[in-house]
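Worth saying up front: this structure is predicted, and the values here are computed from it rather than measured. Position 1 is the first residue of the sequence; numbering continues from there.
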Amino acid sequence: QASTHSSPFQPRWRDSGVHAMVVVMPGRRSRSWPILTGLLLAVALQSSVPLVGFLSPTALGSRLCTRSIGQRRSPSRSGAAPCRTSRSALADRDLKVFGKYKGTVTEIVPEGAFVDIGADMQGFLPILQISDRRVRDVRDFLKEGQEVQVWINRGYREGAEPQLTMRASKVPVPVNWSAFEGIPPEQWLSGQVAAVLDYGAFVKVTAPDGKSKANGIVHISQLSAREFVKDVFAVVEAGEMVKVRILNVDAENDRMSLSMLPIEGQSSNMEEEN
């Protein structure tokens with residue numbers, strides 16, 4: 001049976017024209033959750049306003065797409081759902097890592113800028129990816145409405161907010177893998193050690209056409225046939241010219257496996273002879 005006594009909440013709710021109430025609550029781990037829940041239920045029971053339900057800030061962010069919730073910060077930092085653009089000429093599946101796109105700066109924040117590249121979601125351009133020069137203030141380099149040329153940075157996953165870069169110097173040049181595919185494993189190629197790591201060495205290899213170049217990895221087990229290699233740095237060093245063979249080319253993932261070992265039947269000095 002409904003209570004007949006008057007409530008101080010009834011006139012206020014009725015006069016305001018409120019017909020329903022949805023409350024944004026803190027996370028369930030918050031100590032104030034039980035207190036606020038009980039208080040709001042009491043208010044709803046004593047008033048004529050039905051309590052539709054509760055929403056957490058994260059849930060609210062997934063339902064509303066405003067500058068203050070969905071765009072003020074990069075969603076990867078704030079936890080809010082990234083905003084979708086009003087136009088979407090490109091689907092998420094069409095975006096490629098290191099793909100080049102033309103976009104428009106829609107908003108500038110201290111951490112960088114949001115750029116509409118015509119995809120389902122706007123991309124975020126971090127301040128460190130705006131220029132090879134040091135950027136102290138984003139507005140010294142960009143302004144809202146400005147058209148820019150950007151690339152999607154590494155680590156992009158379909159459905160996620162694209163992380164962008166304007167630093168062309170950091171974008172890898174596409175490799176012509178067809179120049180390396182089909183080369184027989186017994187053919188030796190010239191290369192230069194680009195980097196030395198604990199597990200092997202990266203070597204920049206020149207294709208037989210003399211024009212195409214690509215980096216490949218020589219695993220520690222493929223460095224020397226004369227001895228068991230424990231320390232890669234004791235066998236090769238950055239900048240050194242070496243002879244390598246191609247073991248495998250994975251064009252889809254931009255990977256190439258190399259070897260400095262002679263194939264079975266070849267002498268250990270075959271590298272030098274080629």
Side-chain angles (χ1 to χ4, degrees), residues 22 24-27 29-30 55-176 194-195 202 213-215 251-255:
V22 177
V24 180
M25 296 288 289
R29 294 184 180 181
S30 173
L55 282 178
S56 67
T58 302
L60 180 64
S62 65
R63 287 162 173 76
L64 301 177
C65 184
T66 64
R67 288 183 181 272
S68 60
I69 296 177
Q71 289 185 319
R72 288 307 301 179
R73 292 176 179 267
S74 173
S76 60
R77 298 183 184 182
S78 67
C83 286
R84 294 187 175 273
T85 59
S86 57
R87 60 184 179 89
S88 56
L90 295 172
D92 290 343
R93 63 179 177 274
D94 297 328
L95 299 179
K96 304 294 182 184
V97 174
F98 296 129
K100 183 178 178 181
Y101 301 92
K102 187 176 182 180
T104 303
V105 178
T106 59
E107 183 179 5
I108 293 177
V109 293
E111 300 89 354
F114 289 91
V115 180
D116 183 359
I117 59 174
D120 289 340
M121 294 181 183
Q122 296 194 52
F124 184 69
L125 177 64
I127 189 172
L128 293 177
Q129 296 299 327
I130 292 176
S131 173
D132 289 336
R133 292 184 293 164
R134 185 174 182 180
V135 179
R136 295 181 181 274
D137 188 343
V138 180
R139 295 186 182 275
D140 291 339
F141 290 79
L142 300 172
K143 62 181 180 179
E144 294 180 359
Q146 178 180 343
E147 290 191 349
V148 293
Q149 182 175 277
V150 295
W151 288 262
I152 294 181
N153 223 337
R154 66 179 76 249
Y156 170 73
R157 293 176 292 103
E158 184 176 331
E161 178 194 55
Q163 297 292 304
L164 309 175
T165 181
M166 289 177 59
R167 301 175 65 182
S169 62
K170 299 298 182 181
V171 178
V173 178
V175 176
N176 179 22
F202 281 97
K213 295 184 179 183
N215 283 324
E252 184 176 351
N253 294 304
D254 288 329
R255 295 175 182 173

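- In this structure a side-chain-to-backbone donor-acceptor pair under 3.5 Å is missing from T104 to D116.
- For the pair R167 and R133, the minimum side-chain heavy-atom distance is 4.5 Å or more.
- Between F141 and M166, the closest side-chain pair of non-hydrogen atoms is not below 4.5 Å.
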Step-by-step side chain to side chain contact (heavy atoms under 4.5 Å, CB included) determination, K96 to Y101: CA-CA 10 Å; K96 304 294 182 184; Y101 301 92; 4.1 Å; yes
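- Nearest heavy-atom pair across A214 and V175 is CB-CG1, 3.5 Å.
- Contact detail for Q122 and P162: the closest heavy-atom pair is O-CD, 3.6 Å.
- The CG atom of L142 lies 6.5 Å from the CG atom of L125; values are rounded to the nearest 0.5 Å.
- Closest heavy-atom contact between G112 and V138: O-CG1, 3.8 Å.
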Candidate pair N153 and V97, rule side chain to side chain contact (heavy atoms under 4.5 Å, CB included), full reasoning: CA-CA 6 Å; N153 223 337; V97 174; over 6 Å; no
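- Going from atom OG1 of T165 over to atom CD1 of I130 covers 9.5 Å, rounded to the nearest 0.5 Å.
- Between the side chain of Q129 and the backbone N or O of P126, no donor-acceptor pair lies under 3.5 Å.
- Using a 4.5 Å heavy-atom cutoff, the side chains of I117 and L95 are in contact.
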side-chain hydrogen bond (donor to acceptor under 3.5 Å, both in side chains) between E161 and Q163, worked out: CA-CA 6 Å; E161 178 194 55; Q163 297 292 304; 3.0 Å; yes
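- Residues V105 and K143 have side chains not in contact (no heavy-atom distance under 4.5 Å, counting atoms from C-beta outward).
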V115 and F124: CA distance, side-chain angles, deciding distance, side chain to side chain contact (heavy atoms under 4.5 Å, CB included) verdict: CA-CA 6 Å; V115 180; F124 184 69; over 6 Å; no
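- Among all heavy-atom pairs drawn from A168 and W151, the shortest one is CB-CH2, 3.5 Å.
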